[in-house]
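In listed order, ligands and their atoms are each counted from 1.
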Amino acid sequence: MEIKKGIGVSPGVVIGTAVVLDAEDLVVPRRQVEAGETGGEAERLGRAIAESMVELTDLRNAVEASHGKEIAKIFDFHMQILKDKSVLKEILGEINKNRSSAEYALSTVTRRSAQRFGQMKDKYFAERVKDIYDIEKRVLRHLLGEKREDLSHLTRDVVVIAHDMLPSQTAALDKLHVKGFATDVGGRTSHTAIVARAMGIPAVVGLGDITTEISGGDNVIIDGNRGVVIINPDEEQLAEHRELERKQVKFEAELNTLATLPARTLDGHDVSLWANIEFPVDIDGALMRGAGGIGLYRTEFLYLATADDHEVTEEEHYEAYADSLRRLGGKPLVIRTLDLGADKQTQAKQASPERNPFLGDRSIRMCLHDIPMFKRQLRAIMRSTVLGDVRIMFPMISTLMELRQARMVLNDVMEELEDDNIPFRRDIPIGIMIEVPAAAYMANHFAKEVNFFSIGTNDLVQYMLAVDRTNERVAGLFCPAHPAVLGLVRDVIRAGARNSIGVSVCGEMAGDPLYTLLLLGLGLNTFSMNGPDIPEVKKIIRSTTLENARQVARKVMSFDSERQVMHFLREETRKFIPEAF
Ligand code: PEP
Ligand code: MG
């Protein structure tokens with residue numbers, strides 16, 4: 001048994017069989033063969049090694065010709081390993097003794113040797129670990145060939161172990177069978193984590209080297225509440241976690257009874273609890289949990305989910321919006337225009353990486369650099385305005401000029417639609433995300449030009465505190481409770497009130513029960529969060545008075561450290577929900 005500590009990014013406890021996904025999506029299932037089949041497995045292995053050797057010889061010759069002998073030596077090392085009789089003997093031993101499939105035997109032995117190399121004092125050998133995985137991958141590719149397990153069509157329940165998961169990969173997971181996941185890298189507000197929360201599956205990220213420690217088929221506990229992964233747990237751990245799993249199911253069932261009740265404080269103050277979605281289908285679950293509307297539709301997932309990475313057409317945009325409005329039955333839909341870039345790259349964009357992608361050509365900047373793409377989306381949004389309560393929101397705005405440019409493109413689109421005699425509603429509410437400190441600082445100016453604000457605390461914290469939201473090494477520094485962040489959030493809410501425009505928070509902070517009392521006390525009226533978070537936030541709102549929340553907020557704003565803030569908020573919230581943290 002081994003216990004690994006990471007960052008719990010999606011709550012819940014799950015116990016399951018692991019599939020390990022390597023960087024190339026190769027899944028190595030633990031598979032046992034019949035006693036009579038071990039000879040066939042050994043032959044498959046022999047063939048795959050022979051094919052890999054041919055490939056490596058060609059590669060070495062090509063590299064030697066283009067880059068010289070020294071660099072070509074890398075491939076000599078790979079070939080040496082593949083020719084090593086003791087390695088082959090170890091793999092064949094796995095096949096014959098344990099009746100493992102060739103791929104599972106290979107994977108087990110390479111992981112073992114990688115660990116041996118990794119522990120060596122000699123730096124040269126320690127660095128060879130990557131080569132070992134490189135070799136494993138090459139042979140695996142030949143072994144698996146067309147037989148790769150497809151994570152979107154699994155036939156059994158699994159927990160997925162991966163180095164990293166792209167947001168699009170996470171979104172494409174087969175929700176029915178993937179019960180949880182754990183990754184080597186990532187942070188709390190990475191989009192992968194957000195998608196996991198929205199899907200309601202437990203996840204732990206930032207585990208360092210979990211992919212090298214778990215083999216496909218291992219029994220694994222993923223505890224998203226505590227950010228812990230337990231490999232091959234003993235009976236005691238299993239019993240403890242089964243009990244946690246049971247309690248959680250009970251707590252959730254209790255919370256779900258709140259779905260149809262209003263989000264009203266004890267002194268009669270009503271609050272709107274809306275949901276964030278990535279896909280129209282997410283709306284059904286959100287409504288079931290009592291969402292009053294969709295406060296953030298992350299439309300970039302239309303791009304991230306396309307299998308062939310084609311440009312999303314106006315019709316595809318329109319279909320998605322029409323579908324969403326049908327599901328919503330009159331409830332509002334805030335469509336955020338494409339927020340591509342940074343960690344939400346299309347494959348085409350991945351081909352030309354930027355040095356600092358979060359500070360680069362992302363979001364509204366990318367749209368303003370690609371007007372035809374932007375217009376395709378805006379036309380579809382405007383066409384959908386006749387189908388329901390649609391609002392439009394521009395992300396990552398940092399200057400007034402950007403907002404005005406975006407509005408100009410929108411005006412062009414309206415004129416074009418008029419020329420084409422296509423109906424639309426001109427009075428569509430227009431809002432912006434406040435997620436860059438510059439925009440927060442100038443909220444008073446922006447408030448005069450838009451109908452609403454939505455505070456994106458995920459990026460606001462990242463930019464305010466200079467902490468990459470996806471980097472597990474600085475995850476401890478990513479904290480919405482930092483007094484500087486809280487000051488900005490308070491000022492934006494005030495600027496909204498002063499100018500009589502709506503303000504919501506749609507970053508992860510809105511769905512974190514730790515901040516419910518504070519945000520309520522600061523005067524926030526609309527919270528937009530992942531569907532599964534709604535019941536718990538509602539429970540807190542229904543258990544307090546607005547006056548109490550205001551007192552909490554006043555006290556919090558007098559603190560000068562995030563530790564004080566968090567400690568105080570935890571204590572105050574526990575008064576209402578002892579099970580909360
Ligand atoms: C945010 O930045 O807080 C936000 C809601 O947007 P996203 O997480 O999609 O960047
Ligand atoms: Mg953002």
Side-chain angles (χ1 to χ4, degrees), residues 9-10 166-168 170-171 186-199 205 273-279 282 286 293-305 334-346 357-367 391-398 402 431-440 443 452-471 475 478-482 485-486 488-489 492-493 503-512 515 519 524 526-531 533:
V9 294
S10 182
L166 293 171
S168 51
T170 320
R188 192 173 156 72
T189 57
S190 60
H191 285 97
T192 310
I194 292 172
V195 175
R197 271 198 294 283
M199 285 167 59
V205 303
L273 299 186
W274 291 6
N276 298 345
I277 58 159
E278 276 80 41
F279 298 102
D282 302 339
I294 300 304
L296 169 63
Y297 176 6
R298 290 186 165 99
T299 56
E300 55 280 3
F301 278 83
L302 277 170
Y303 273 78
L304 300 174
V334 178
I335 302 181
R336 177 175 74 181
T337 59
L338 297 169
D339 188 36
L340 284 164
D343 65 334
K344 289 182 286 193
Q345 296 285 11
T346 59
F358 275 108
L359 303 181
D361 187 22
R362 68 171 287 212
S363 200
I364 193 73
R365 300 171 183 175
M366 198 192 266
C367 287
R391 306 167 192 192
I392 195 166
M393 178 159 79
F394 298 123
M396 260 284 280
I397 294 284
S398 52
E402 256 166 1
I432 55 168
M433 291 203 58
I434 300 281
E435 52 183 346
V436 179
F452 65 91
F453 286 156
S454 192
I455 308 175
T457 47
N458 307 336
D459 279 312
L460 190 62
V461 171
Q462 148 164 280
Y463 294 130
M464 186 76 187
L465 304 181
V467 178
D468 178 346
R469 63 192 268 187
T470 64
N471 184 344
F478 187 98
C479 185
H482 191 296
V485 175
L486 298 183
L488 266 195
V489 170
V492 175
I493 295 173
V503 179
S504 66
V505 171
C506 65
E508 294 303 292
M509 191 182 186
D512 187 339
Y515 299 107
L519 292 173
L524 190 75
T526 306
F527 295 61
S528 192
M529 64 197 80
N530 296 311
D533 295 335

Per-residue contact class, [X] against ligand 1 - non-hydrogen pairs under 4.0 Å:
{"X": "Asp339", "result": "side chain"}
{"X": "Glu278", "result": "neither"}
{"X": "Met509", "result": "neither"}
{"X": "Glu508", "result": "neither"}
{"X": "Arg336", "result": "side chain"}
{"X": "Ile194", "result": "side chain"}

Numbered atoms of ligand 1 (with element) below 4.0 Å of [X], judged on heavy atoms:
{"X": "Leu296", "value": "5 (C)"}
{"X": "Arg469", "value": "2 (O), 7 (P), 8 (O), 10 (O)"}
{"X": "Glu435", "value": "1 (C), 2 (O), 6 (O)"}
{"X": "Lys344", "value": "9 (O)"}
{"X": "Cys506", "value": "5 (C)"}

Any donor and acceptor pair, going by atom type alone, linking the side chain of [X] with main-chain N or O of [Y] inside 3.5 Å?
{"X": "Arg362", "Y": "Pro357", "answer": "no"}
{"X": "Asp361", "Y": "Gly341", "answer": "no"}
{"X": "Glu435", "Y": "Asp459", "answer": "no"}

Heteroatom N/O/S of Glu435 within less than 2.8 Å of the Mg ion (ligand 2):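 Given the 2.8 Å cut-off, Glu435 counts as a ligand of the Mg ion (ligand 2).
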Close approach, Met529 and ligand 1, non-hydrogen under 4.0 angstrom: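 Contact check Met529 vs ligand 1: negative.
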Any Met433 heavy atom less than 4.0 Å to ligand 1: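 True for this residue.
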Student check: side-chain heavy atoms of Phe453 and Ile493 closer than 4.5 Å: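 Of all side-chain heavy-atom pairs linking Ile493 with Phe453, none is under 4.5 Å.
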Nitrogen or oxygen of Asp459 less than 3.5 angstrom from that of ligand 1: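 Indeed, backbone or side chain, Asp459 has an N or O that close.
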Heavy-atom nearest neighbour in the protein, as seen from atom 7 (P) of ligand 1, with distance rounded to 0.1 Å: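 Result for atom 7 (P) of ligand 1: His191 NE2, 3.3 Å.
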Could you tell me which non-hydrogen atom of [X] sits nearest to which non-hydrogen atom of [Y], and how far apart they are?
{"X": "Met393", "Y": "Ile432", "result": "CG-C, 4.0 Å"}
{"X": "Cys506", "Y": "Ser454", "result": "SG-OG, 3.2 Å"}
{"X": "Gly456", "Y": "Met433", "result": "CA-CE, 3.6 Å"}
{"X": "Ser363", "Y": "Asp339", "result": "OG-OD1, 2.5 Å"}
{"X": "Arg336", "Y": "Thr299", "result": "O-OG1, 2.7 Å"}
{"X": "Tyr463", "Y": "Pro437", "result": "CB-CD, 3.4 Å"}

Heteroatom of Asp459 nearest to the Mg ion (ligand 2) (N, O or S, atom name):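 The nearest such atom is OD2.
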Salt bridge (charged side-chain N to carboxylate O under 4.0 Å, His left out) between Asp282 and Arg298, worked out: CA-CA 11 Å; Asp282 302 339; Arg298 290 186 165 99; over 6 Å; no
